[in-house]
Amino acid sequence: MKEIMYKSTRSDAEPITASKAILAGLAPDGGLYVPTEDPSFDRPLEELVPLSYQELAYAVMKQYLTDFTEEELRHCINGAYDSKFDTPAIAPLVKKGNAWYLELFHGKTIAFKDMALSILPYLMTTAAKKNHSEEEIVILTATSGDTGKAAMAGFADVPGTRIIVFYPKGGVSMIQELQMLTQKGANTAVAKIHGNFDDAQSAVKKVFNDADMKAELAARGFKFSSANSINVGRLVPQIVYYVYAYCTMVRNGDIACGDEINICVPTGNFGNILAAYYAKQMGLPVRKLICASNENKVLTDFFRTGSYDRKRPFMLTSSPSMDILISSNLERLIYRLCENDPAANKALMDALSGDGKYEITEKMQEKLNDFYGGCASEEDNFEGIASLYKETGYVIDTHTGIASAVYRKYRKETGDETPTVIASTASPYKFAKSVVNAIDPAFEAENDFGFIDRLHELSGVAEPAAITEIREAKILHDRETTAETLPDTIREILRIE
């Protein structure tokens, strides 16, 4: 098998192995690591169709993580995708209405982040051993709601690691917040940051790029890494479930092997849909990648105009994990549009940091034909959730609702009837108040748990264990910080004076 190396999107520095890229998280120059070339499936697609999720994960991930041995990679996969998921399918595919919903919320924290963050701790600790890394790994993560809990749950009490999560105060749902604040684990910490997700993400990136602070921590035996989708160890596992969805459709007789499908993804930081793009580059027959945004429609505007402009009002919506104006993973796509020219990509990223916007050339824009960008309003979202429930009895969360609404617009605008998979990114129980408000607007309750009880009545789906656990759980974290004081908060947590 040909070795795949990883290089930064912002410099001509020597490429590094997959395991080193996973350990680093972010490149030293502030860029993101990308594979030096696109691997392809090493066997006919027909042979992948009958595989279990675990077997398929190995078939896909071995193409990207080529410095991991078969024994190492299988250990990581089997440790991640086990009974912590509430179904042997891991990622069930459900046909409702005119779309197939890929349920990515059957893990411990009932959100799609579990799909990658269940395996990242295994990949990272294996990578540390492979590279004889003696430092304690400090995972720094900014979250818009779901990554934080999934990362904390994945890394809780994992030897040789610490995890520190920052989330926007007032910018996540009550359930998302409680999940983080009640997380156990001697090596876990979380802090509310005053501001929005972009403020949190920018502050964390600034720490990653602070050479003095990294040296300070190294002297104390610490090394930074990331659990955000900027880490290739997060991105590669996400490719798997799109291939699995396709194989499931073939097994079920919904399509013939070789037929094209569309993939529609509710998108904030662009990592989840980028994984679908990588699946297409591997050889998965994908016609269109439908990028669904909420009212923070910076990506929709980019795909339609070629201009990325974060200078706009920040909207707080019922799909908070998508309330993002700086989509970090888009940089990996921009790098490709620049024909893998790190200098050209860096100039655009510098413009985003400085002026708050950049514009790609017409030639670059012509290469975006794989994508369709669309957005949905709060009204569109609630109407879609209610109508799908009325027609089918199926309940989706407010992020999946955005994707569903954008897909309806796409079909109306294009007439494209290609079978379409919608990434269902969270259990409706995680956003019960908004979901119930969409389906039964007259219902009232004192708190989210009352809405959870009503959702159970409406859906007939049992309350997930992740919700039951936090009903009486003790609050274990109470820190608050700002972008300016975030480095000191890290020092306090690590007990560095």
Side-chain angles (χ1 to χ4, degrees), residues 6 8 11 13-14 16-33 117 120-143 147-167 180-181 183-194 199-228 230-234 476-497:
Y6 288 80
S8 171
S11 76
E14 278 294 306
I16 61 176
T17 62
S19 62
K20 288 182 178 178
I22 289 170
L23 276 178
L26 195 67
D29 52 40
L32 307 187
Y33 284 114
L117 285 166
L120 183 60
Y122 290 93
L123 294 174
M124 195 166 284
T125 52
T126 300
K129 290 177 184 176
K130 291 177 72 67
N131 291 282
H132 310 290
S133 177
E134 301 297 330
E135 299 101 335
E136 189 167 11
I137 300 168
V138 179
I139 311 294
L140 290 187
T141 294
T143 183
T147 289
K149 170 61 179 180
M152 292 170 77
F155 281 94
D157 293 323
V158 171
T161 68
R162 304 274 193 100
I163 179 160
I164 307 173
V165 170
F166 299 95
Y167 71 93
M180 288 186 280
L181 298 184
Q183 176 63 50
K184 297 178 181 179
N187 64 337
T188 66
V190 62
K192 307 173 188 179
I193 188 168
H194 294 252
D199 298 322
Q201 180 170 247
S202 296
V204 167
K205 280 188 173 182
K206 187 175 180 180
V207 169
F208 268 106
N209 294 326
D210 186 335
D212 291 338
M213 187 163 184
K214 283 195 284 189
E216 178 186 352
L217 264 68
R220 303 296 186 97
F222 295 114
K223 177 179 182 177
F224 283 142
S225 191
S226 174
N228 284 93
I230 57 175
N231 192 318
V232 295
R234 266 281 306 272
L476 300 174
H477 307 275
D478 62 357
R479 285 186 179 87
E480 294 192 22
T481 189
T482 66
E484 292 74 24
T485 59
L486 186 142
D488 290 331
T489 301
I490 294 171
R491 291 185 179 95
E492 175 196 327
I493 291 168
L494 299 179
R495 297 180 180 176
I496 295 174
E497 296 178 357

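No hydrogens, no waters, no symmetry mates; every other heavy atom, side chains included, goes into these values.
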Colleague: Can you confirm whether L476 sits close enough to Q183 that some side-chain heavy atom of one is under 4.5 Å from a side-chain heavy atom of the other?
Modeller: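 L476 does not reach Q183 side chain to side chain.
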Colleague: Between the main-chain N or O of Y122 and the side-chain N or O of T126, is there a donor-acceptor pair closer than 3.5 Å?
Modeller: yes
Colleague: Can you tell me how far the CZ atom of F222 sits from the CE atom of M213, to the nearest 0.5 Å?
Modeller: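 Interatomic distance, F222 CZ to M213 CE, rounded to 0.5 Å: 10.5 Å.
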Colleague: Measure across Y6 and A21 and return the closest heavy-atom pair with its distance rounded to 0.1 Å.
Modeller: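 Y6 and A21 have their closest heavy atoms at CB-CB, 4.0 Å.
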Colleague: Given the rule in the side-chain contact (heavy atoms from CB on, under 4.5 Å) test, do F224 and V204 qualify, once you have shown the distances and angles that lead to the verdict?
Modeller: CA-CA 11 Å; F224 283 142; V204 167; over 6 Å; no
Colleague: Rounded at 0.5 Å granularity, tell me how far CG in D212 sits from CD in E216.
Modeller: 8.5 Å
Colleague: Over all heavy atoms of both residues, which pair between G148 and V165 is shortest? Give the atoms and the distance, please.
Modeller: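 Distance-wise, the nearest heavy atoms are CA-CG1, 3.7 Å.
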Colleague: I'd like to know if the side chain of T485 reaches the main chain of D488, judged simply by a donor and an acceptor atom lying under 3.5 Å from each other, with no hydrogens or angles considered.
Modeller: no
Colleague: Within the 4.5 Å heavy-atom criterion, are F166 and I490 side-chain neighbours or not?
Modeller: yes
Colleague: Within a strict 4.5 Å, meaning less than it, do heavy atoms of the R234 and L117 side chains meet?
Modeller: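 The answer is yes; the side chains approach within 4.5 Å.
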Colleague: Side-chain donor-acceptor pair under 3.5 Å between S19 and T17, yes or no?
Modeller: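 Looking only at side-chain atoms, T17 and S19 do form a donor-acceptor pair, the distance falling under 3.5 Å.
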Colleague: Can you confirm whether T161 sits close enough to M124 that some side-chain heavy atom of one is under 4.5 Å from a side-chain heavy atom of the other?
Modeller: no
Colleague: Any chance NZ of K20 has more than 12 other-residue heavy atoms, nucleotides or ligands included, within less than 6.0 Å?
Modeller: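 No - once you tally the heavy atoms of other residues, nucleotides and ligands closer than 6.0 Å, there are 12 at most.
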Colleague: Quick one: are L26 and N209 in side-chain contact, heavy atoms under 4.5 Å?
Modeller: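 In contact.
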Colleague: Is there a side-chain contact between H477 and M180 (heavy atoms, below 4.5 Å)?
Modeller: no
Colleague: Taking the side chain as everything from C-beta on, heavy atoms only, tell me whether E136 gets closer than 4.5 Å to L494.
Modeller: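 Contact flag for E136/L494 side chains = no.
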Colleague: Working to the nearest 0.5 angstrom, can you tell me the gap between Y33 OH and N231 CG?
Modeller: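 Interatomic distance, Y33 OH to N231 CG, rounded to 0.5 Å: 10.5 Å.
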Colleague: Once rounded to the nearest 0.5 Å, what's the spacing between atom CD1 of I193 and atom OG1 of T489?
Modeller: 8.0 Å
Colleague: What pair of heavy atoms forms the shortest contact from G185 to A156, and how long is it?
Modeller: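 Between these two residues, the closest heavy atoms are CA-CB, 4.4 Å.
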Colleague: Could you tell me which non-hydrogen atom of G154 sits nearest to which non-hydrogen atom of P121, and how far apart they are?
Modeller: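 Looking at all heavy atoms of both residues, the shortest contact is O-CG, 3.2 Å.
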Colleague: Quick one: CD1 on I163 to OG on S226, what's the gap to the nearest 0.5 Å?
Modeller: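 Here the rounded value is 9.0 Å.
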Colleague: Ignoring hydrogens and angles, state whether a donor on the side chain of N228 or T147 is under 3.5 Å from an acceptor on the partner side chain.
Modeller: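 Distance-only check fails for N228 and T147.
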Colleague: Between S225 and L23 (side chain of the first, backbone of the second, donor and acceptor by atom type, cut-off under 3.5 Å), is there such a pair?
Modeller: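 Pair found, side chain donor or acceptor close to backbone of L23.
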Colleague: Taking all atoms of both residues into account, what is the closest heavy-atom pair of A483 and D199, and its distance?
Modeller: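 Smallest interatomic distance, heavy atoms only, reads CB-O, 4.5 Å.
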Colleague: To the nearest 0.5 Å, how far apart are CD1 in I137 and CG in N187?
Modeller: 11.5 Å
Colleague: Is the closest side-chain heavy-atom distance between L486 and K206 below 4.5 Å?
Modeller: no
Colleague: So, for K214 and P28, which heavy atoms are closest and what is the spacing to 0.1 Å?
Modeller: NZ-CA, 4.5 Å
Colleague: Report the residue from V207, I493, T188 that forms a side chain to side chain contact (heavy atoms under 4.5 Å, CB included) with I164.
Modeller: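 Among V207, I493, T188, the one meeting side chain to side chain contact (heavy atoms under 4.5 Å, CB included) with I164 is I493.
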